[in-house]
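Down below is the structure, laid out as structure tokens.
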Number of protein chains: 2
Amino acid sequence: MSEVQAKRAVGRPPRLERETIVATARRVLEEEGVHALSMRRLAKEVGSTPRALYHHVRDKDELLLLVLAGMAASAPRPELPTAPRDRIYVIALHIHDMLQRLPWVVEVLGLGHVTDKGALWMVEEIVNSAIECGLAPREAIRAYRVIWLYIYGDLAVHAAIDRRASEGGEAEHRRPLPDMLTPDDAATLPRLTALGPQWNEVANVCDVPNGLHAVIDGLLARGAGA
Amino acid sequence: MSEVQAKRAVGRPPRLERETIVATARRVLEEEGVHALSMRRLAKEVGSTPRALYHHVRDKDELLLLVLAGMAASAPRPELPTAPRDRIYVIALHIHDMLQRLPWVVEVLGLGHVTDKGALWMVEEIVNSAIECGLAPREAIRAYRVIWLYIYGDLAVHAAIDRRASEGGEAEHRRPLPDMLTPDDAATLPRLTALGPQWNEVANVCDVPNGLHAVIDGLLARGAGA
DNA sequence: ACCTGAACACCGTTCAAGT
DNA sequence: ACCTGAACACCGTTCAAGT
């Protein structure tokens, strides 16, 4: 019957913690994606009001940044081969596979924030390995960037496709390229018309392992050849 | 003084045309980007009400699709070299440079819609050239995809950075990777710490021409070697 | 210091009428 | 058939108070 219990039946008054906000935001992101996370929704989720959140984070951007911080640290590190060329491949594929399982992270990264600092060891490792393979430091940085952009491109495109698939019901658009070809196009686009069925077959299989091999070989060959 | 002029001082009554809506939407996109285009804003821009727009387009997605249609047709085609390997490079770079000047197109593509049909000749050309270089049709499709994902990754990352730069005022975050390294990190990330100044130098220059050369070489070598 | 309720200036989309 | 005004169910963020 004290003034504390007058507010709630049990325990201490529920002072909102920054950590609670961030953890709840992460949960919503994991369960429903970035589109489901709004400040108002989050306020309800933690049993508070929108305004109260702004007492603990500057704005929504800072909140997303806080959610991202330390994500990489919680992921398991892969075993690394000793050959530097293989090390690049294994790390690159690891980055891809890890992020593919966490589509919301890609969506947040897509907003243009920095990378989580805990992920930098992978950058360090790739750049180091590239130098070990004979690339100049400058070329090694460039090589890392090409690899990252390829990975990011794949994740972004797949995220967009998945988003669309889960949202749109019937939707005539979003067809996988060759389905939009009419017989008329046989004249101007003979190859794509002929390839038609094979296209989807190839496009629906994840080609990143193969792609990475090719990209890495190309990058190392150019550096070493010079 | 006729009943026509009673509504407006000049000309015929302004029945809203689908074409007007799409053209106005394109103008807003070009001038202010995808974030500025809302159905309400667009309604004001064409001097009508939000509801009226839904008489001419199913929803916002269909509108964006219509804006995209025929974009590629209006772009100039580059002169193509005769050597197939060079043709791949020239087309790939052309795609990149074209889209870099039209950031709103990338933002719309990022929503997961189909590619503009008028752009398919470039896909056809790349796939054909790859086959001419000795790749099996399957490999040629894969090669095209790797090239596209690299280009798209570069455009998406740069679009995100630019968006952030134009929005956020001072914003402590959005620093270009090595600035976030403290002296403490020298132990765990020696190479990145040492590379510090060089990183920005390399990252701020567009490396896509170099990157494409490496990627294409890697893709063709793998196909031809098998 | 931390919280609430109400508000400001927006969204995409749809209902019920108007002509 | 095509349009309007008002509404529904949302946004991020901030003002003016409350304790």
Side-chain angles (χ1 to χ4, degrees), chain A residues 2-8 11-22 24-25 28-29 32-67 107-108 111-113 163-164 167-169 171, chain B residues 2-8 12-22 24-25 28-29 32-67 107-108 111-113 163-164 167-171:
Chain A
S2 72
E3 67 274 24
V4 173
Q5 289 187 338
K7 285 185 149 191
R8 273 221 167 193
R12 293 194 257 152
R15 206 151 74 74
L16 201 48
E17 297 285 352
R18 193 180 165 119
E19 211 185 325
T20 313
I21 295 173
V22 174
T24 309
V28 173
L29 284 168
E32 302 178 56
V34 87
H35 70 277
L37 186 74
S38 72
M39 297 303 267
R40 301 172 108 103
R41 161 77 188 277
L42 185 56
K44 267 173 199 150
E45 209 83 25
V46 298
S48 184
T49 62
R51 181 62 183 88
L53 301 178
Y54 287 90
H55 243 276
H56 300 268
V57 297
R58 190 196 310 268
D59 53 18
K60 196 180 178 181
D61 271 10
E62 194 191 58
L63 175 64
L64 289 173
L65 208 85
L66 290 169
V67 175
E107 294 179 285
V108 174
L111 295 157
H113 288 130
R163 196 184 320 140
R164 204 128 268 293
E167 281 175 13
Chain B
S2 72
E3 67 274 24
V4 173
Q5 288 187 338
K7 287 186 149 191
R8 272 223 169 193
R12 293 193 257 152
R15 207 151 74 73
L16 202 49
E17 298 285 352
R18 193 181 166 117
E19 211 184 325
T20 312
I21 294 172
V22 173
T24 308
V28 173
L29 284 167
E32 302 177 56
V34 87
H35 71 277
L37 186 73
S38 72
M39 297 303 266
R40 301 172 109 101
R41 161 79 187 277
L42 185 55
K44 267 173 198 150
E45 209 82 26
V46 298
S48 184
T49 62
R51 181 64 181 87
L53 300 178
Y54 287 89
H55 243 276
H56 301 268
V57 297
R58 190 196 308 270
D59 54 17
K60 196 181 177 180
D61 271 10
E62 195 191 58
L63 175 65
L64 290 173
L65 209 86
L66 290 168
V67 177
E107 294 178 287
V108 174
L111 296 157
H113 287 130
R163 197 185 321 140
R164 205 127 269 292
E167 279 174 17
E170 36 265 271

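In what follows, every chain begins at residue 1, and chains take the letters A, B, ... in the order their sequences are listed. Below, each value reflects all heavy atoms present in this structure, side chains not excepted, and no hydrogens, waters or symmetry copies.
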Pairing partner (Watson-Crick or G-U wobble, both distances under 3.5 angstrom) of C:dG18: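 Checking every strand shown, C:dG18 finds its partner in D:dC2, with both distances under 3.5 Å.
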
With both distances under 3.5 Å as the test, what is the Watson-Crick or G-U wobble partner of C:dA7?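 Pair assignment: C:dA7 / D:dT13.
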
Please tell me if [X] has a side-chain N or O lying less than 4.0 Å from either OP1 or OP2 of [N].
{"X": "B:Ser38", "N": "C:dC11", "answer": "yes"}
{"X": "B:His56", "N": "D:dC3", "answer": "yes"}
{"X": "B:Ser48", "N": "D:dT4", "answer": "yes"}

Between [N] ([atom2]) and [X] ([atom1]): distance, integer Å:
{"X": "A:His35", "N": "C:dG12", "atom1": "NE2", "atom2": "C1'", "result": "15 Å"}
{"X": "A:Lys60", "N": "D:dT13", "atom1": "NZ", "atom2": "P", "result": "8 Å"}
{"X": "B:Asp59", "N": "C:dT14", "atom1": "CG", "atom2": "P", "result": "8 Å"}
{"X": "B:Asp61", "N": "C:dT13", "atom1": "CG", "atom2": "C1'", "result": "13 Å"}
{"X": "B:Arg58", "N": "C:dG12", "atom1": "CZ", "atom2": "P", "result": "18 Å"}
{"X": "B:Leu53", "N": "C:dC11", "atom1": "CG", "atom2": "C1'", "result": "14 Å"}
{"X": "A:Glu62", "N": "D:dG12", "atom1": "CD", "atom2": "C1'", "result": "15 Å"}
{"X": "A:Met39", "N": "D:dA9", "atom1": "CE", "atom2": "C1'", "result": "20 Å"}

With rounding to whole Å, what would you report as the distance between D:dA9 and C:dC10 at their P atoms?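 Their P atoms lie roughly 22 Å apart.
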
Of the options [options], whose atoms approach the side-chain atoms of [X] most closely?
{"X": "A:Arg41", "options": "C:dG12, D:dC11, D:dG12", "result": "D:dC11"}
{"X": "A:His55", "options": "C:dC2, D:dC11, C:dT13", "result": "C:dC2"}
{"X": "B:Ala52", "options": "D:dC3, D:dT13, C:dT4", "result": "D:dC3"}
{"X": "A:Arg40", "options": "C:dG12, C:dA7, D:dT14", "result": "C:dA7"}

Using modelled atom types only, decide if a donor and an acceptor are shared between the side chain of A:Arg18 and the backbone of A:His56 within a distance under 3.5 Å.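 Judged by distance alone, yes, a pair lies under 3.5 Å.
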
Please examine the side chains of [Y] and [X], heavy atoms only from C-beta on, and report whether any two atoms are closer than 4.5 Å.
{"X": "B:Leu64", "Y": "B:Leu37", "value": "yes"}
{"X": "A:Leu63", "Y": "A:Leu42", "value": "yes"}
{"X": "B:Val108", "Y": "B:Val67", "value": "no"}

Which heavy atom in A:Ala43 sits nearest to a heavy atom in A:Pro50, and how many Å separate them?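 Between these two residues, the closest heavy atoms are CB-N, 3.4 Å.
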
More 5' along DNA chain D: B:Pro50 or B:Glu17, using each one's nearest nucleotide?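 In this pair, the answer is B:Glu17.
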
Along DNA chain D (nearest heavy atom to each residue), the more 5'-positioned of A:Lys44 and A:Arg51: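 Counting from the 5' end, the first nearest nucleotide belongs to A:Lys44.
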
